[in-house]
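Letters A, B, ... mirror the listed sequences (proteins, then strands); counts begin at 1. Side chains are part of it too, since the values below use all heavy atoms of this structure and drop only hydrogens, waters and symmetry mates.
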2 protein chains.
Amino acid sequence: MVDALDFKIIESLKVNSRTSFVEIGKQIGLSPSSVRERVQKLEDAEVIKGYNVKLNNKKLGFGLEVFIMFKLFSGKLQIFCDDLNRFPEIYEVYRITGTHNIFMKVVLIDQLHLQQFIDRLLVYGEPTTHLILSDLKDL
Amino acid sequence: MVDALDFKIIESLKVNSRTSFVEIGKQIGLSPSSVRERVQKLEDAEVIKGYNVKLNNKKLGFGLEVFIMFKLFSGKLQIFCDDLNRFPEIYEVYRITGTHNIFMKVVLIDQLHLQQFIDRLLVYGEPTTHLILSDLKDL
DNA sequence: ATTGAAACGGCCCCACC
DNA sequence: GGTGGGGCCGTTTCAAT
């Protein structure tokens, strides 16, 4: 279903998702048309779910990034999911195993913003906050 | 430094980082040249750090995604950072506040692979594993 | 900092293998 | 499933503002 060439294409897109099909073709020895066709198929099969930009949030005025381990109150999962779009601060959110059954990555302006954000979360459950100090991949 | 137009460009790239400069220009009422120049400056200023592809790891044969909260042994931070590139399974890794001072997202093939991975981590510290059950943004 | 124009290169479709 | 070509569209550069 996904062969070695597809993997190479994906590797190339991992490095830089804006890489042109011509460039990818050169790297893996395939014509641009073929690369395009394979990428199209990977998108159709939802192996590729989208293309993201990696930002420096600090430089955009969002100086605080935190992880929140969240213990949902019983029966609150559905309403929490429904309300998710009211929290633009939530960048990623997953259900996980453990007593804290929700994990989220949250991007905030400052500590006041964090405080207000946590206050809004308290309706749904019990948050435990971890500040992100540094990205070890950036060092 | 980063003005309203830059924000609009970034919003557009957040939705799809492969969006062409022509298309972005149409959306925000700017010529392709100007969009390109602004993106170039955002890249140079490292506001934009890169362009990623969002993958369905399950469909690529990596059926297990986990978060690991990691309590580094005293004095092991430097060597752990130096050895990071020996763990291709580690997708993201951050220093965080709390007794578990490292957080990582790890992509694995199966439970056996997880077991082997954790065994290799034990040199550096004490891991606590949380399986990712679902991405709530996907629902 | 933005623009339009021109040259270049990539994308896309389709016919063919 | 891969290729090659023609037309179209996007990108890049640059002079002008």
Side-chain angles (χ1 to χ4, degrees), chain A residues 1-63 88 91 107 109-110 137-138, chain B residues 1-63 88 91 107 109-110 137-138:
Chain A
M1 182 93 198
V2 178
D3 68 12
L5 283 172
D6 291 328
F7 266 103
K8 285 186 186 172
I9 290 171
I10 287 167
E11 281 311 311
S12 193
L13 290 172
K14 269 192 198 172
V15 175
N16 178 3
S17 69
R18 283 187 74 89
T19 308
S20 74
F21 297 145
V22 173
E23 178 58 30
I24 297 171
K26 278 182 195 160
Q27 288 172 18
I28 68 173
L30 216 60
S31 72
S33 321
S34 299
V35 175
R36 187 197 166 321
E37 192 173 310
R38 280 170 176 269
V39 170
Q40 188 66 54
K41 280 186 185 166
L42 291 168
E43 288 173 1
D44 292 346
E46 287 175 313
V47 174
I48 292 176
K49 293 195 288 183
Y51 304 96
N52 289 339
V53 60
K54 208 162 108 192
L55 299 170
N56 182 330
N57 287 305
K58 285 206 175 37
K59 295 191 179 174
L60 288 167
F62 295 88
Y91 198 72
V107 176
I109 296 164
D110 53 22
K137 292 248 179 190
D138 280 353
Chain B
M1 183 96 198
V2 178
D3 68 10
L5 282 172
D6 290 329
F7 266 102
K8 285 187 186 171
I9 291 171
I10 288 167
E11 279 312 309
S12 194
L13 290 172
K14 269 192 199 172
V15 175
N16 177 2
S17 70
R18 283 186 74 91
T19 307
S20 74
F21 298 144
V22 172
E23 177 60 30
I24 296 172
K26 279 181 195 160
Q27 288 172 16
I28 67 174
L30 216 59
S31 71
S33 324
S34 299
V35 175
R36 184 190 141 40
E37 194 170 312
R38 279 171 176 270
V39 169
Q40 189 66 55
K41 280 185 185 167
L42 290 168
E43 288 174 359
D44 291 346
E46 286 176 312
V47 173
I48 293 175
K49 293 196 287 181
Y51 304 96
N52 291 340
V53 61
K54 208 163 109 192
L55 299 169
N56 184 329
N57 287 305
K58 287 210 172 36
K59 294 190 178 173
L60 288 167
F62 295 88
Y91 198 71
V107 176
I109 296 163
D110 53 22
K137 292 247 178 190
D138 280 352

Test of understanding: with side chain to side chain donor-acceptor pair (under 3.5 Å), list the residues that count as partners of A:Ser17, not counting sequence neighbours.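 Side chain to side chain donor-acceptor pair (under 3.5 Å) list for A:Ser17, sorted by chain: B:Ser17.
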Output side-chain donor-acceptor pairs under 3.5 Å for residues 41-50 of chain A, partner residues at least two apart or in another chain, one line each.
{"unit_1": "A:Glu43", "atom_1": "OE2", "unit_2": "A:Tyr51", "atom_2": "OH", "d": "2.5"}
{"unit_1": "A:Asp44", "atom_1": "OD1", "unit_2": "A:Gln40", "atom_2": "NE2", "d": "3.3"}
{"unit_1": "A:Lys49", "atom_1": "NZ", "unit_2": "B:Asp138", "atom_2": "OD2", "d": "3.4"}

Is the number of heavy atoms from other residues, nucleotides or ligands under 6.0 Å of B:Lys8 NZ greater than 12? no
* To do: Not counting sequence neighbours, which residues clear side chain to side chain contact (heavy atoms under 4.5 Å, CB included) with A:Ser33? List them please.
  =>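 Side chain to side chain contact (heavy atoms under 4.5 Å, CB included) list for A:Ser33, sorted by chain: A:Ser31.
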Outermost contacting nts on DNA chain D, any atom under 4.0 Å from chain B heavy atoms, listed 5' then 3', are D:dG10 to D:dT13
- Task: Using side-chain contact (heavy atoms from CB on, under 4.5 Å) as the criterion, point out the one residue from A:Asn16, A:Thr19, A:Leu30 that pairs with A:Ile24.
- Result: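 Of all the options given, the one that passes is A:Thr19.
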_Going 5' to 3' along DNA chain C, between which two nucleotides do contacts with chain B fall, using a heavy-atom cut-off of 4.0 Å?_
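The contact span of chain B on DNA chain C goes from C:dA1 to C:dA5.
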Nearest-0.5 Å distance, [atom1] of residue [X] to [atom2] of residue [Y]:
{"X": "A:Ile109", "Y": "A:Asn57", "atom1": "CD1", "atom2": "CG", "answer": "11.0 Å"}
{"X": "A:Leu5", "Y": "A:Ile28", "atom1": "CG", "atom2": "CD1", "answer": "5.0 Å"}
{"X": "B:Lys137", "Y": "A:Tyr91", "atom1": "NZ", "atom2": "OH", "answer": "9.5 Å"}

Holding to salt bridge (charged side-chain N to carboxylate O under 4.0 Å, His left out), I want the full list of residues that pass it with [X], two or more places apart in sequence or in another chain.
{"X": "A:Glu11", "value": "A:Lys14"}
{"X": "A:Lys26", "value": "none"}
{"X": "B:Arg36", "value": "none"}

Using every non-hydrogen atom in the two residues, find where [X] and [Y] come nearest and quote the distance to one decimal.
{"X": "A:Ser12", "Y": "A:Gln27", "value": "OG-OE1, 2.8 Å"}
{"X": "A:Arg38", "Y": "A:Asp3", "value": "NH1-OD1, 2.9 Å"}
{"X": "A:Phe7", "Y": "B:Leu60", "value": "CZ-O, 3.7 Å"}

At a heavy-atom distance below 4.0 Å, what parts of [range] sit against DNA chain C?
{"range": "residues 27-50 of chain A", "answer": "A:Ser33, A:Arg36"}
{"range": "residues 17-25 of chain A", "answer": "A:Ser20, A:Phe21, A:Val22"}
{"range": "residues 8-16 of chain A", "answer": "none"}

Report for the helix from C:dA1-D:dT17 to C:dC17-D:dG1: angle between first-end and last-end helix axes, five pairs each, rounded to 10 degrees.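 End-to-end axis angle: 30°.
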